[in-house]
Amino acid sequence: MTTPAPARSRLTALTRSGRARALAGFGLAAVLLLAVAPVLLSPFRLGLLGKFLCLAMVAVGIGLAWGRGGLLTLGQGVYFGLGAYLMAMHLKLADAGPGGVPDFMLLYGTGELPGWWEPLRSPVVAVALVLLLPAALAAVLGWAVFTRRVRGAYFAILSQALAAAFAILLIGQQQTTGGTNGLNGFRSFFGYDLADPVNQRMLYLIAAGVLLVMVAVARQLMVSRFGEVLVAVRDQEDRVRFLGYDPAAVKTVVYVVAAVMAAVGGALFVPIVGIVSPADVGVVPSIGFLVGVAIGGRATLLGPVLGSVAVSWAQTTMSEQFPSGWIYLQGALFVLVVAFLPGGLASLVTSARRRLRARDRGPGDVVPDDAPSSDLVPEGSRA
């Protein structure tokens with residue numbers, strides 16, 4: 001169908017305005033995170049915000065996989081934990097010095113360093129493994145699952161079982177992973193003293209910058225042809241297959257991207273927080289990641305980030321006053337959002353924006369088939 005010239009010109013204007021809004025929002029977020037927050041917040045609160053931003057990195061990947069691809073990932077704690085433990089192992093080896101052994105191995109083990117720990121003495125190898133190992137695991141698992149057309153609740157249960165198995169594995173390996181105590185007591189980060197407030201602020205700025213880059217990458221994927229195909233796979237997988245695309249390959253790619261984002265968030269979480277344990281990577285944390293994304297708006301760009309930060313902040317605040325009640329409130333929030341606001345809080349803003357666009361659009365305007373879905377399709381309405 002040929003789109004009338006007035007409608008196409010209006011569409012172009014909408015696309016340009018969408019890009020302008022995205023750039024303006026990105027610039028505002030950069031100013032708030034990189035300039036305003038370090039000045040207004042105390043070192044303690046700035047460290048907390050850095051922790052929240054690391055968790056928000058996981059949410060960005062979930063927003064892509066779940067919101068755009070329809071993959072209910074209940075096991076992102078696995079990839080978050082892989083990145084965190086790989087970085088923690090490197091930091092422990094760096095603190096031990098050349099040829100040294102981490103302190104907990106002297107207490108719980110034989111005092112000998114396992115061979116698979118040795119490569120992590122190199123910072124280059126540690127960073128490479130943080131990126132490549134979760135990506136490889138996600139690629140193998142995703143391809144094995146998606147080629148067999150496992151989806152929906154079955155994929156969610158499988159990913160959750162993987163998170164539970166990973167946490168159990170870590171607990172059972174006390175001599176090599178610290179068991180239930182995890183890994184902690186880090187003194188340096190790539191040669192920088194972690195006790196120095198200047199270096200702590202530097203870590204926060206790194207986390208904020210990485211999050212902004214991830215959001216930019218997520219937006220580029222959303223508005224690209226890959227993003228269009230991903231939404232089509234979510235809504236009509238069989239039709240996409242008939243058109244010549246491989247849905248398994250598309251799902252695997254977005255699953256790998258989400259895994260790498262989670263792993264990077266875990267790697268930065270370790271020096272900022274100072275500890276990682278099985279309690280940070282099991283089933284409950286994985287569900288916690290999902291709750292923030294659902295509340296913020298899983299199919300939007302900033303909804304997962306804002307929802308994750310808000311839930312993390314609420315958890316920190318509420319757990320200080322009601323230590324045993326937060327988990328129930330978290331579950332209630334998830335149920336309420338899924339039942340009454342499936343698109344999350346961001347859907348309220350999106351719906352208002354669509355009504356304004358519909359009011360401004362002329363009665364003879366036609367929406368073309370090649371229009372960007374992020375500008376014309378209700379975000380999250382079909383997820």
query = Can you name the residues that form a side-chain contact (heavy atoms from CB on, under 4.5 Å) with Leu205, not counting sequence neighbours?
reply = Leu34, Pro38, Arg201
inquiry  = Under the rule for side-chain contact (heavy atoms from CB on, under 4.5 Å), what residues qualify as partners of Ala258, not counting sequence neighbours?
reply    = Ala65, Gln76
request  = Go through the structure and list residues passing side-chain hydrogen bond (donor to acceptor under 3.5 Å, both in side chains) with Asp193, not counting sequence neighbours.
outcome  = none
task = Could you list all the side-chain hydrogen bond (donor to acceptor under 3.5 Å, both in side chains) pairs where at least one residue sits in residues 258-274, not counting sequence neighbours?
result = none
query = With Arg187, which residues qualify under side-chain hydrogen bond (donor to acceptor under 3.5 Å, both in side chains), at least two apart?
reply = none
Salt bridge (charged side-chain N to carboxylate O under 4.0 Å, His left out) pairs, two or more places apart, involving residues 120-148 = Glu118-Arg121
ask   = Quick one: salt bridge (charged side-chain N to carboxylate O under 4.0 Å, His left out) pairs with a partner in residues 244-269, sequence neighbours left out?
value = Glu237-Lys251
ask   = By side-chain contact (heavy atoms from CB on, under 4.5 Å), which residues pair with Ala232, not counting sequence neighbours?
value = Val240
task = Identify, with sequence neighbours excluded, every residue that meets ring pair (Phe, Tyr, Trp, His ring centres under 6.0 Å) alongside Tyr85.
result = none
remark   = Gln236 meets the side-chain contact (heavy atoms from CB on, under 4.5 Å) criterion, sequence neighbours left out, with Arg239
task = For residues 84-97, pull every pair meeting salt bridge (charged side-chain N to carboxylate O under 4.0 Å, His left out), keeping only residues two or more places apart or in separate chains.
result = Lys92-Asp103
key: For Tyr255, all residues meeting side-chain hydrogen bond (donor to acceptor under 3.5 Å, both in side chains), sequence neighbours excluded   = Tyr79
